[in-house]
J.: 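Dropping the structure in here first, questions after.
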Amino acid sequence: MLPAQARLRRRPEFTAVVRSGRRAGRPTMVLHYLPERPVTPTPGDAGTVGGPRAGFVVGKAVGNSVVRHRVTRRLRAVVHDQLDRLPPTADLVVRARPEAATASSADLRRDLTAGLDRVLRVRTP
């Protein structure tokens, strides 16, 4: 389980990552990665970074609510193992594709690792 400070929760946070971040498509998921999260002061926030954060989007195309919750739990476990690869200021949104409903945890882990390798690769002009 991801700790509360390691999760994206609000719509503007998801929107910022999806619109401004890098994207990597895999057979079971699409990763959206933003290396530097925008600074948005919130009441009670001391301005601490707190580490990388992740959010999950599992739409109705994936399946019914039981299937969607199962996919979310499996993705959360897989991302938890890989979260230390991200810099402390990074945000990651994992959008599940319909293929994730029938994929094994090993398939999800493989796709996440390959997707992270792609978005973390430094671009050279």
Side-chain angles (χ1 to χ4, degrees):
M1 178 99 170
L2 288 175
Q5 64 270 17
R7 286 183 283 187
L8 295 175
R9 296 183 174 190
R10 296 179 181 85
R11 183 181 184 107
E13 296 171 341
F14 280 86
T15 303
V17 176
V18 171
R19 288 190 180 163
S20 303
R22 296 180 64 188
R23 183 175 65 88
R26 303 301 308 156
T28 59
M29 66 186 73
V30 178
L31 302 175
H32 298 273
Y33 170 72
L34 189 62
E36 293 285 331
R37 77 178 58 117
V39 177
T40 55
T42 57
D45 185 18
T48 59
V49 173
R53 300 183 303 175
F56 304 92
V57 178
V58 184
K60 287 188 177 180
V62 175
N64 63 23
S65 66
V66 174
V67 173
R68 290 194 312 266
H69 283 89
R70 181 177 55 226
V71 168
T72 304
R73 284 192 309 270
R74 292 166 80 193
L75 286 173
R76 197 180 303 131
V78 170
V79 168
H80 182 268
D81 295 338
Q82 297 286 325
L83 208 56
D84 59 342
R85 292 181 58 189
L86 302 178
T89 59
D91 284 344
L92 177 72
V93 171
V94 179
R95 184 172 54 89
R97 300 177 88 183
E99 294 81 5
T102 57
S104 67
S105 293
D107 293 337
L108 294 175
R109 185 173 294 108
R110 183 192 66 233
D111 283 350
L112 179 74
T113 302
L116 282 177
D117 290 344
R118 185 171 171 192
V119 296
L120 292 174
R121 191 176 325 139
V122 177
R123 293 182 185 177
T124 55

J.: Heavy atoms only: give me the nearest A24-G115 pair and the separation to one decimal.
T.: CB-O, 3.8 Å
J.: Output the rest of the hydrophobic cluster of V57: all Ile, Leu, Val, Met, Phe, Trp and Tyr residues reachable through side-chain heavy-atom contacts under 4.5 Å, sorted by chain and number.
T.: L8, F14, V17, V18, L34, V93
J.: For a 4.5 angstrom cut-off between non-hydrogen side-chain atoms, does R97 reach V62?
T.: no
J.: Mind jotting down which residue pairs meet the side chain to side chain donor-acceptor pair (under 3.5 Å) criterion with at least one end in residues 54-65? Sequence neighbours excluded, please.
T.: none
J.: If you define the side chain from C-beta out and look only at heavy atoms, does anything of R74 sit under 4.5 Å from S105?
T.: yes
J.: Going through the distances and angles, do T89 and E36 end up as a side chain to side chain donor-acceptor pair (under 3.5 Å)?
T.: CA-CA 5 Å; T89 59; E36 293 285 331; 3.2 Å; yes
J.: Grab the two heavy atoms, one from V71 and one from A96, that are nearest each other, plus how far apart they are.
T.: CG1-CB, 4.0 Å
J.: Quick one: pull up CZ in R118 and CG in L116 and give me the separation to the nearest 0.5 Å.
T.: 12.0 Å
J.: Taking all non-hydrogen atoms of both residues, which atom of A101 and which atom of R70 are closest, and how far apart?
T.: O-NH2, 4.3 Å
J.: Could you walk me through whether L92 and R53 pass side chain to side chain contact (heavy atoms under 4.5 Å, CB included), step by step?
T.: CA-CA 6 Å; L92 177 72; R53 300 183 303 175; over 6 Å; no
J.: Report yes if the side chains of D91 and E13 come closer than 4.5 Å at any heavy-atom pair, otherwise no.
T.: no
J.: Report, one line per pair, each donor and acceptor closer than 3.5 Å where one atom sits in a side chain of residues 78-87; sequence neighbours left out.
T.:
residue, atom, partner, partner atom, Å
Q82, OE1, R85, NH1, 3.2
R85, NH1, D117, OD1, 3.4
R85, NH2, D117, OD1, 2.4

J.: State, with a plain yes or no, whether a side-chain heavy atom of R26 is found less than 4.5 Å away from one of V30.
T.: no
J.: Is any side-chain heavy atom of H32 closer than 4.5 Å to a side-chain heavy atom of R95?
T.: yes
